[in-house]
Amino acid sequence: MAVPAVDGASDAEYERNLLQRIQAGDKTACAECIDLHSAGVYRLALRMVGSPEEAEDIVQETFLNAFRTIDSFEGRSRLSTWLYRIAYNTALMRLRKKQPLYVSIDPPAADDEEEITPMQLFDWCCLPEDDFQSNEARSELERAIAELPETLRAVFVLRELEGLSTEETAQVLNVTISNVKVRLHRARLWLRERLSGYFTELAHAAQG
Amino acid sequence: MNAHELHGESHGESHSNCKHLLADLSDYLDGEAAAEVCAEIERHLADCADCRAVVDTLRKTIHLYRTLPQPTLSPDARSRLFAALSLPK
Ligand SMILES: [Zn+2]
């Protein structure tokens, strides 16, 4: 349902125009904005809170909040970056309410996480493709992503699943660029380690 | 990567570089590492089976999650959202 840029206008021009229309109170423009960005906002929320119902609530709050404060958006970042930022903060507030002891509202320092040393050294890439595409393998991967440490998960989702640049991710999360890079690298190593357990076992079972 | 954790037995190649190279692997796989860093990593990989396994499985891990089907907002959820914001559907 993505709305393409009209008349060959560039993405930036389209977005400027969309923004002006939303600021002027054009409801069709709000609908266009939602159809462009709600899926991404929903996925970020879903990966952060884990429940589809709660993620849906966060999407609602995000757009309510965004349209209410759209005049304060100066267009210095992309609209999507701004929306992800609102969604991220909304999700964080909810998590914090649920587990006040575990979720800090301040971004953690880069050095408060342990270094990840690869322990799984079996090369399971030789498994047949079917073993990677099975429902079981996909569930395993979904579970692994859901279990990513809190501090790594948002960076991982924005960079790797939503395709934001390092700079955009840093803007959304209000952390430094080097912090984004370090956390993404840790998230990848963490997932590799986690998946290696599953795939190595599969490879050994296949060998009998 | 710590040489003692990675390599139970010693053989010819020096493994003091394993841990040092690990930090650059994401840049390497993203094609963002400097040419001399790439060369250094590739030289090391040629002689270190453990690091080869880490690089291969890391690359595969990245490919697997990038090709995972993405959840999306259902049409019902979209309707509820539009209703909540008093927008025309
Ligand atoms: Zn090595």
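The chains referred to below are lettered A, B, ... by the order of the sequence lines, with proteins before strands, and numbering in each begins at 1. Any value given below was found using the heavy atoms of this structure, including those in side chains, with hydrogens, waters and symmetry copies removed.
- Within the 4.5 angstrom heavy-atom criterion, no atom of B:Ser74 approaches chain A.
- Of the atoms belonging to A:Arg47, it is side-chain heavy atoms, and not backbone ones, that fall under 4.5 Å from chain B.
- Residues of residues 57-69 of chain A lying under 4.5 angstrom from chain B, judged on non-hydrogen atoms, are A:Val59, A:Gln60, A:Phe63, A:Leu64, A:Phe67 by number.
- The contact between A:Arg43 and chain B is made entirely by side chain atoms (from C-beta outward), counting heavy-atom distances below 4.5 Å.
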For this session: Could you please spell out the steps behind the side-chain contact (heavy atoms from CB on, under 4.5 Å) verdict for B:Arg59 and A:Cys125?
Result: CA-CA 9 Å; B:Arg59 189 185 281 119; A:Cys125 293; over 6 Å; no

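- For B:Thr57 against A:Arg192, the heavy-atom pair with the smallest separation is OG1-NH1, 2.8 Å.
- In this structure, chain B has a heavy atom under 4.5 Å from the backbone of A:Phe122, while its side chain stays farther away.
- Between B:Lys60 and A:Glu129, at least one side-chain nitrogen of the basic residue sits less than 4.0 Å from a carboxylate oxygen of the acidic one, meeting the salt-bridge criterion.
- Annotation: maximal heavy-atom pairing with chain A below 4.5 Å, among B:Ala77, B:Ser26, B:Pro88, B:Pro69, occurs at B:Ser26.
- Of all heavy-atom pairs between B:Ala53 and A:Leu121, the closest is CB-O, 3.3 Å.
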Problem set entry | Test side-chain contact (heavy atoms from CB on, under 4.5 Å) applied to B:Leu22 and A:Ile116, step by step | CA-CA 10 Å; B:Leu22 183 67; A:Ile116 294 171; over 6 Å; no

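- Using a 4.5 Å cut-off between heavy atoms, A:Ile34 touches chain B through its side chain atoms alone.
- Contacts of B:Phe82 with chain A are made by side-chain atoms alone, with heavy-atom separations under 4.5 Å and no backbone atom involved.
- Looking at B:Arg80, the atoms closer than 4.5 Å to chain A (heavy atoms on both sides) sit in the backbone and in the side chain alike.
- For chain A, the option among B:Asp30, B:Leu29, B:Asp27 with the highest count of heavy-atom pairs below 4.5 Å is B:Asp30.
- Ranking A:Arg188, A:Glu193, A:Glu56 against chain B, the residue ahead of the rest is A:Arg188, based on heavy-atom pairs under 4.5 Å.
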Problem set entry | Stepwise side-chain contact (heavy atoms from CB on, under 4.5 Å) test for A:Trp124 and B:Thr61 | CA-CA 10 Å; A:Trp124 39 265; B:Thr61 297; 3.6 Å; yes

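- Contact annotation for B:Leu81: both backbone and side-chain heavy atoms come within less than 4.5 Å of a heavy atom of chain A.
- Both the backbone and the side chain of B:Leu64 come within less than 4.5 Å of a heavy atom of chain A.
- Closest approach of A:Asp123 and B:Arg52 over heavy atoms only: OD2-O, 4.4 Å.
- Between the A:Glu160 side chain and the B:Tyr65 main chain, no donor and acceptor come within less than 3.5 Å of each other.
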